[in-house]
Number of protein chains: 2
Amino acid sequence: MRLNDLDERIVHALAEDARRSYADIGTQVGLSAPAVKRRVDRLLASGAITGFTVRVDPAALGWETEAFVEIYCRRNTGPGDILRGLARYSEVATVSTVTGEADALVQVFASDVRHFERVLERIAGEPFVERTKSVLVLSPLLRRYTSGSPT
Amino acid sequence: MRLNDLDERIVHALAEDARRSYADIGTQVGLSAPAVKRRVDRLLASGAITGFTVRVDPAALGWETEAFVEIYCRRNTGPGDILRGLARYSEVATVSTVTGEADALVQVFASDVRHFERVLERIAGEPFVERTKSVLVLSPLLRRYTSGSPT
DNA sequence: ATTGAAAATCTCACACA
DNA sequence: TGTGTGAGATTTTCAAT
C-alpha cells in the first residue's frame, strides 16, 4: 500500500499519541474527524497500520534484563519453525531472520539475569536450535520509535 | 513503582489494543471503567506507561531495510560519547551498550540497502568508531508489543 | 470530504468499604 | 487507599449531502 502525505501525517500523529481524538488529529492535518477515521480504517484494512499499543518502561514493569540472542539452527529449519518455536515465550519481544553466520536474532526481556538464564536454556533446548550466542544489554542508551516488554 | 497483578493485566490489554475502551478492559480484568482509567492515569504519572502509539508496517512507510550494527569503539569512549554520536541519525532506532566483543548494538531502519550503506559509512566514520559489523534483517518474524520506524 | 445526529465512551463528582 | 455509580461532556460512528 502506498501512503500519501495526509496518511503519513495521520500516522505520525498516532505514533506520538495513539489515543488522541480523531477531531484533534483532524484539526492538525486539516481534515474533519470522520475523514480521519475513514483513512485510519483504510490503513488498518490495508495492513499499513497493524494496531495500537502502549509504550512501557521495561524497568518499571520489572523487566530489567534485556538480551540479544543469536540462534544457529539445524539444517532444514524454516522461518515458520523458528517463529512457531519462539512465539510461545512471553519473554521474547522480537524475532528476525538475519544475514551472516546466525540464522535468527532474538530480543529477550527478563526480570533478571537468573530469569534470562532459564529462558535461554529452554530456547537452547528447542529441537531446531543447534546453538545460541547471547549478549546482555548493559545500558539501553536510546529507544526511539519503539519500546516494549513482555507481560 | 510497583505493579500489582491488576496493573499488569491492564498493561497487557493495552499492549494488544491501546484503543480498547476502559469498559471493555474493565470487564476483562473485573473492574469498572473509571477504576481502569484511574490505574492507567497512575501508570502514566509514574512513568510505567510512557504513552500510546501505533504499530505500523515499516515496509508500508517505505522503510524496508532493517539492520543490526555492532559498534567497536576506540579506547576511552564512554556511553555518553556513543549516544551523542548516534542520536543525530534519524535512521537509528535503538542504541544499547552490550557485553561481549562489541561495545554497542545499534538498530537501524533505512529505506533500502543503498540508503543503509550510506548511513553505515557515516557511522563508521564517526571519530569514536573503530570498526562495525552488520547483519541485515531478512524477515522481521515477530515484533511484539510495538514496532516503529523513523519518520 | 463535510455536516449533523445518535450511540458509545470518557471523565468527573460524590458515596462507600 | 481504592472502588462503584451516575450525570454531563466529549468522542465515535454512520447516514445523507
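Remember, predicted model here, so these are calculated numbers, not experimental data. Numbers restart at 1 for each chain; the letters A, B, ... are given by sequence-line order, proteins then strands.
- For A/R19, no side-chain nitrogen or oxygen approaches OP1 or OP2 of D/dT11 to under 4.0 Å.
- Atoms CG (B/N4) and P (D/dT1) sit 15 Å apart, rounded to a whole Å.
- Closest-nucleotide positions on DNA chain D for A/R38 and A/R20 were compared, and the one nearer the 5' end corresponds to A/R20.
- Here the side chain of A/R39 is nearest to one of C/dA1, D/dT13, C/dT9, namely C/dA1.
- Shown here is B/E101, whose CD atom has no more than 12 heavy atoms of other residues, nucleotides or ligands within 6.0 Å.
- If you take CG of B/D41 and P of D/dG2, they are 13 Å apart, rounded to a whole angstrom.
- At distances below 3.5 Å, at least one donor-acceptor pair connects side-chain atoms of A/T50 with backbone N or O atoms of B/R55.
- A/R38 has no carboxylate O lying under 4.0 Å from a charged side-chain N of A/D41, or vice versa, which leaves the two without a salt bridge.
- Atom CG in B/D7 sits roughly 16 Å away from atom P in D/dT1 (whole-Å rounding).
- Of the candidate nucleotides C/dT2, D/dT11, C/dT11, C/dT11 has the atom nearest to the side chain of B/P34.
- Using a 4.0 Å cut-off, some side-chain N or O of A/K37 falls inside it from OP1 or OP2 of D/dT13.
- Checked by atom type and distance alone, the side chain of B/R19 never pairs as donor or acceptor with a backbone atom of B/L14 at under 3.5 Å.
- Straight-line distance from the OH atom of B/Y22 to the P atom of C/dT9: 13 Å, rounded to whole Å.
- We find that CG of B/D24 is positioned 15 Å from P of D/dT12, with the value rounded to whole Å.
- With distances taken from any side-chain atom of B/S21 to the nucleotides D/dT11, D/dT3, C/dT9, the minimum falls on C/dT9.
- To the nearest angstrom, P of D/dT12 lies 11 Å from CZ of A/F52.
- Rounded to whole angstrom, the span from the CG atom of B/D17 across to the P atom of C/dT9 amounts to 12 Å.
- Within a 6.0 Å sphere centred on CZ of A/R131, heavy atoms belonging to other residues, nucleotides or ligands number 12 at most.
- What separates CD1 of A/I10 from C1' of C/dA1 is a distance of 12 Å, to the nearest Å.
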